[in-house]
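Quantities reported herein were computed from a predicted structural model and do not represent experimental measurements.
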Number of protein chains: 2
Amino acid sequence: MKDPQDVLLDYLQAQGLKMTPQRRTILDIFLEAEGHLTAEEIYDRVKGEEPGIGQATVYRTMKLLAEAGLAKEVDFSEGVTRYEPEYGQDHHDHLICENCRKTIEICDEQIEKLQEELATKHGFKLTGHKMYLFGICEDCRKA
Amino acid sequence: MKDPQDVLLDYLQAQGLKMTPQRRTILDIFLEAEGHLTAEEIYDRVKGEEPGIGQATVYRTMKLLAEAGLAKEVDFSEGVTRYEPEYGQDHHDHLICENCRKTIEICDEQIEKLQEELATKHGFKLTGHKMYLFGICEDCRKA
DNA sequence: TTCTGTGCAAATGATTTGCAGCCAG
DNA sequence: CTGGCTGCAAATCATTTGCACAGAA
């Protein structure tokens, strides 16, 4: 598979935009991080590596990565946008523990198919969906 | 079915809170409105009827109605919280046209069942879910 | 009377934007 | 060179909160 840096480069060129060290750094840090980070959290990590980078740049770059198909915005109803790597990842939804906030990535083909049918039934051409299941995980129920 | 005003009254009394004309007005206007309004939009309508009511009161009251089970918060990823009447309504999800923002309420029992199973499979006790299907509606595809 | 509720304005928190200088192509 | 990019600070936008007064119970 193509290197994510190259994917970004291609996207930038196609849009007449430019590659910069800031964008490179932010992409690297974002990709090597685990989980679903907010722009703020990414900014904190970026500061550790390149203290000169401003937080507006991080916000701008994360939006850019989302457009380039490298990052995906997720929203767990906390009032902040989180990002997860999208490139080379299979599509999935999330199962979130309302107590400890642990998040499990889930995917069910049958549900996807039913969603498609449901949209079609109403005359829609489905372009995407968001599904979040909320519950209490095993550990939290025991405790 | 019990009158929504009474449902609110019961909830308030159970919580040691008070009924006020503002709350009555906001509930009325919210219930007679169609669709999925934001607190801001509800505030605009409220001003038409009772100009003295402040917008903080509308925000506070909508949260209250949500706790009382009379309103439900929905989030179409626009950066604002919308509210829809919940009392006496069946559970449903939403199918949203990305072009004209038209929203259709949908419900599929089979999907719900699969969601339950999916959660259980991961050791979760499902407490709720959010599902939004995005697409392009028939009218917009024709146009 | 006793709190809770209200309106107002100020505060918040996440995100965006204006701007002057910087730098990739 | 030139137009996009950056850091900074100021600006937004939705929502929340502090406060003094008002009004349900």
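- Between B/Glu73 atom CD and D/dA14 atom P there is a gap of 16 Å when expressed in whole angstrom units.
- Distance B/Ile42 CD1 to D/dT15 C1': 14 Å, rounded to the nearest Å.
- Comparing C/dT17, D/dG4, D/dA25 against the side chain of B/Met19 picks out D/dA25 as the nearest.
- Rounded to whole Å, atom P of D/dT6 lies 11 Å from atom CZ of A/Arg24.
- The side chain of A/Arg23 contributes an N or O atom lying less than 4.0 Å from OP1 or OP2 of D/dC5.
- Nearest-nucleotide assignment on DNA chain D puts the 5′-proximal partner with A/Arg60, out of B/Leu9 and A/Arg60.
- For A/Leu12 and B/Lys18, each mapped to the nucleotide of DNA chain D holding its nearest heavy atom, the one lying further toward the 5' end belongs to A/Leu12.
- Listed here is the closest heavy atom pair of A/His91 and A/Cys107: O-SG, 3.7 Å.
- Residues A/Ile111 and B/Leu126 share a single hydrophobic cluster, defined by chaining ILVMFWY side chains whose heavy atoms lie under 4.5 Å apart.
- The two residues B/Pro4 and B/Leu31 come nearest to each other via the heavy atoms CB-CD1, 3.5 Å.
- Taking side-chain N and O atoms only, A/Tyr59 has a distance below 4.0 Å to OP1 or OP2 of C/dT15.
- Side-chain contact, A/Asp28 with A/Gln5: a donor N or O sits under 3.5 Å from an acceptor N or O.
- Residue B/Gln55 is the one, among B/Gln55 and A/Val80, whose nearest nucleotide of DNA chain C lies closer to the 5' end (criterion: closest heavy atom).
- Regarding A/Glu41, its CD atom lies at a distance of 10 Å from the P atom of C/dA14, rounded to whole Å.
- A close approach under 4.0 Å does occur between a side-chain nitrogen or oxygen of B/Thr81 and OP1 or OP2 of D/dT15.
- Between the CD atom of B/Gln15 and the P atom of C/dG5 there is a distance of 11 Å, given to the nearest Å.
- Rounded to an integer number of Å, the gap from CD of B/Gln22 to C1' of D/dA24 is 11 Å.
- At D/dT6, one or more side-chain N or O atoms of A/Thr20 fall inside 4.0 Å of OP1 or OP2 (strictly under the cut-off).
- When all heavy atoms are compared, the tightest approach of B/Ala33 to B/Leu37 is CB-CD1, 3.4 Å.
- For the pair B/Leu17 and A/Gln13, nearest-nucleotide mapping onto DNA chain C gives the more 5' position to B/Leu17.
- Here the C1' atom of nucleotide C/dT15 and the CG atom of A/Asp75 are 14 Å apart, to the nearest Å.
- Atom P of nucleotide D/dT15 and atom CG of B/Leu64 are separated by 17 Å, given to the nearest angstrom.
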